[in-house]
Participant: 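Just dropping this structure here.
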Amino acid sequence: NAVSGEVIAAANKDDYRKISTNNSLRKYVRGKLGGLSLSHPDAAIRLQSASGLLETVTPEMAPQLQGLLDKETDAEVKEMLKLNLALANLKAADKAVRLQAIEAVSGNIQPAVRNHLTELVTDSDPDIAKAAQAAVRSIEDKVARYGHVETLFFGLSLGSVLVLAAIGLAITFGVMGVINMAHGELIMLGAYTTYIVQQLMPNAIDYSLFIAIPAAFIVSGAMGIFIERTIIRHLYGRPLETLLATFGISLVLQQLVRTVI
């Protein structure tokens with residue numbers, strides 16, 4: 001017996017019904033498992049459990065969360081428990097507690113926070129609904145600001161790669177008179193070199209970068225020398241033919257990477 005632990009004799013399986021698994025049951029089980037892991041001795045597991053509880057936290061869990069918060073020593077876990085407690089109090093019976101909880105989570109960009117607040121936007125109490133709308137607005141404003149910073153960062157990142165490629169092409173043409181259509185593929189080889197080095201050092205990812213970056217320069221440079229010694233040296237003074245030859249090399253390098261990696 002799953003409840004009492006009592007041993008049950010052989011029974012007719014037709015007398016029993018299989019428990020159907022649905023989203024409600026999954027949500028309930030996730031919440032219970034998350035609650036059990038919140039007392040784990042490992043702080044990392046407690047933090048993971050508290051993070052996973054954000055979507056499924058209920059008002060009934062508030063006393064348990066408060067008790068765990070009082071005993072918690074890790075700062076990160078404590079902050080996550082405070083967030084869970086605030087989310088649990090969003091649906092408390094006391095209006096003052098709910099308003100305080102809305103204020104506590106206002107501006108937090110966790111997706112679970114926005115989901116919980118969105119449910120309160122249509123609350124029957126106008127004060128709760130108004131406070132929830134203001135909190136959701138503050139979250140959306142914050143997300144928009146981060147979005148602008150993210151766009152700027154990605155723009156600078158992509159722009160720097162394009163500038164690097166353009167400078168390389170200009171130098172190659174200016175010094176050698178060669179239009180190198182495989183220039184991007186040489187950058188690609190450098191990028192994949194860093195990837196392979198990191199794959200070869202799975203237990204030292206933090207330090208692999210110090211090996212990967214020099215290796216990327218060496219591999220790309222060696223391939224450039226190989227292409228020049230075997231093909232380009234025979235085509236100096238013929239820009240159109242170097243363009244066609246390096247375009248063919250670029251296709252070969254692309255397919256080589258697809259095949260090998």
Side-chain angles (χ1 to χ4, degrees), residues 1-125 127-129 131-132 135-136 139 199 201-206:
N1 187 301
V3 177
S4 65
E6 178 189 356
V7 178
I8 300 177
N12 184 1
K13 67 178 182 179
D14 295 331
D15 295 337
Y16 296 90
R17 180 171 59 87
K18 183 179 179 181
I19 298 173
S20 58
T21 305
N22 53 36
N23 288 337
S24 298
L25 181 59
R26 291 190 186 98
K27 184 176 179 180
Y28 178 80
V29 171
R30 276 200 301 268
K32 290 298 181 183
L33 289 175
L36 290 172
S37 301
L38 287 173
S39 301
H40 198 279
D42 189 341
I45 293 177
R46 294 201 304 276
L47 179 61
Q48 183 181 3
S49 177
S51 301
L53 201 62
L54 292 174
E55 288 284 359
T56 58
V57 66
T58 60
E60 292 77 19
M61 298 176 67
Q64 179 194 3
L65 291 169
Q66 186 61 61
L68 291 167
L69 183 58
D70 294 338
K71 294 184 292 184
E72 185 56 56
T73 55
D74 186 87
E76 283 187 273
V77 180
K78 187 173 286 190
E79 286 301 314
M80 193 58 68
L81 286 174
K82 285 181 181 178
L83 181 58
N84 272 289
L85 182 59
L87 292 178
N89 288 332
L90 286 176
K91 295 182 180 179
D94 190 338
K95 178 179 176 179
V97 172
R98 298 178 73 189
L99 289 172
Q100 187 178 3
I102 292 173
E103 185 180 355
V105 299
S106 179
N108 191 299
I109 60 174
Q110 287 271 7
V113 174
R114 188 191 293 189
N115 293 339
H116 283 284
L117 287 172
T118 303
E119 294 177 7
L120 298 180
V121 169
T122 55
D123 195 87
S124 57
D125 189 316
D127 293 333
I128 297 292
V136 170
I139 291 173
Q199 292 297 306
M201 303 174 65
N203 298 321
I205 292 295
D206 294 340

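Since the model is a prediction, treat every value here as computed from it, not as a measurement.
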Participant: Under 4.5 Å between any side-chain heavy atoms of D74 and L47, yes or no?
Facilitator: no
Participant: Could you tell me whether Q199 atom CD has more than 12 heavy atoms of other residues or ligands within 6.0 Å of it?
Facilitator: yes
Participant: So, Q66 and D70: side-chain donor and acceptor under 3.5 Å apart, yes or no?
Facilitator: yes
Participant: Might you point out which heavy atoms bring A86 and A101 nearest each other, and give the distance in Å?
Facilitator: O-CB, 3.2 Å
Participant: At what distance, to the nearest 0.5 angstrom, does CD of E60 lie from CG of L65?
Facilitator: 11.5 Å
Participant: Examine distances only and state if a side-chain atom of N84 and a backbone atom of V57 form a donor-acceptor pair shorter than 3.5 Å.
Facilitator: no
Participant: Test V136 against I139 for side chain to side chain contact (heavy atoms under 4.5 Å, CB included), laying out the working first.
Facilitator: CA-CA 5 Å; V136 170; I139 291 173; 5.5 Å; no
Participant: Any idea which heavy atoms bring H40 and D42 closest together, and the distance?
Facilitator: ND1-N, 3.0 Å
Participant: With rounding to the nearest 0.5 angstrom, report the NZ to CG distance, K78 to L68.
Facilitator: 12.0 Å
Participant: Apply the test side chain to side chain contact (heavy atoms under 4.5 Å, CB included) to residues V105 and L87: give CA-CA distance (whole Å), side-chain angles for both, the deciding distance (0.1 Å), then the verdict.
Facilitator: CA-CA 8 Å; V105 299; L87 292 178; 4.1 Å; yes
Participant: Taking all non-hydrogen atoms of both residues, which atom of L117 and which atom of A135 are closest, and how far apart?
Facilitator: CD1-CB, 3.7 Å
Participant: Which heavy atom of A92 sits nearest to which heavy atom of V97, and what is that distance?
Facilitator: CB-CG1, 3.9 Å
Participant: Could you measure the distance from the CG atom of L38 to the CG atom of L53? Nearest 0.5 Å is fine.
Facilitator: 6.0 Å
Participant: Using distance alone, with no hydrogens and no angle criterion, decide if N89 and Q100 have a side-chain donor and acceptor under 3.5 Å apart.
Facilitator: no
Participant: Which pair of heavy atoms, one from N23 and one from R26, lies closest together, and at what distance?
Facilitator: OD1-NH1, 3.1 Å
Participant: First locate atom CG of L99, then atom CG of D94, and finally report the distance between them rounded to the nearest 0.5 Å.
Facilitator: 9.0 Å
Participant: Between A132 and L120, what is the shortest heavy-atom contact and its length?
Facilitator: CB-CB, 3.7 Å
Participant: Assess whether side chain to side chain contact (heavy atoms under 4.5 Å, CB included) is satisfied between R46 and M80, documenting all intermediate values.
Facilitator: CA-CA 10 Å; R46 294 201 304 276; M80 193 58 68; over 6 Å; no
Participant: Starting at CG of L83, measure out to OG of S51 and round the result to the nearest 0.5 Å.
Facilitator: 9.0 Å
Participant: Can you tell which of K91, R98, K95 makes a salt bridge (Lys or Arg N to Asp or Glu O under 4.0 Å) with D125?
Facilitator: K95
Participant: In this structure, are over 12 heavy atoms from other groups packed under 6.0 Å from E55 atom CD?
Facilitator: yes
Participant: Once rounded to the nearest 0.5 Å, what's the spacing between atom OG1 of T118 and atom NE2 of H116?
Facilitator: 10.0 Å
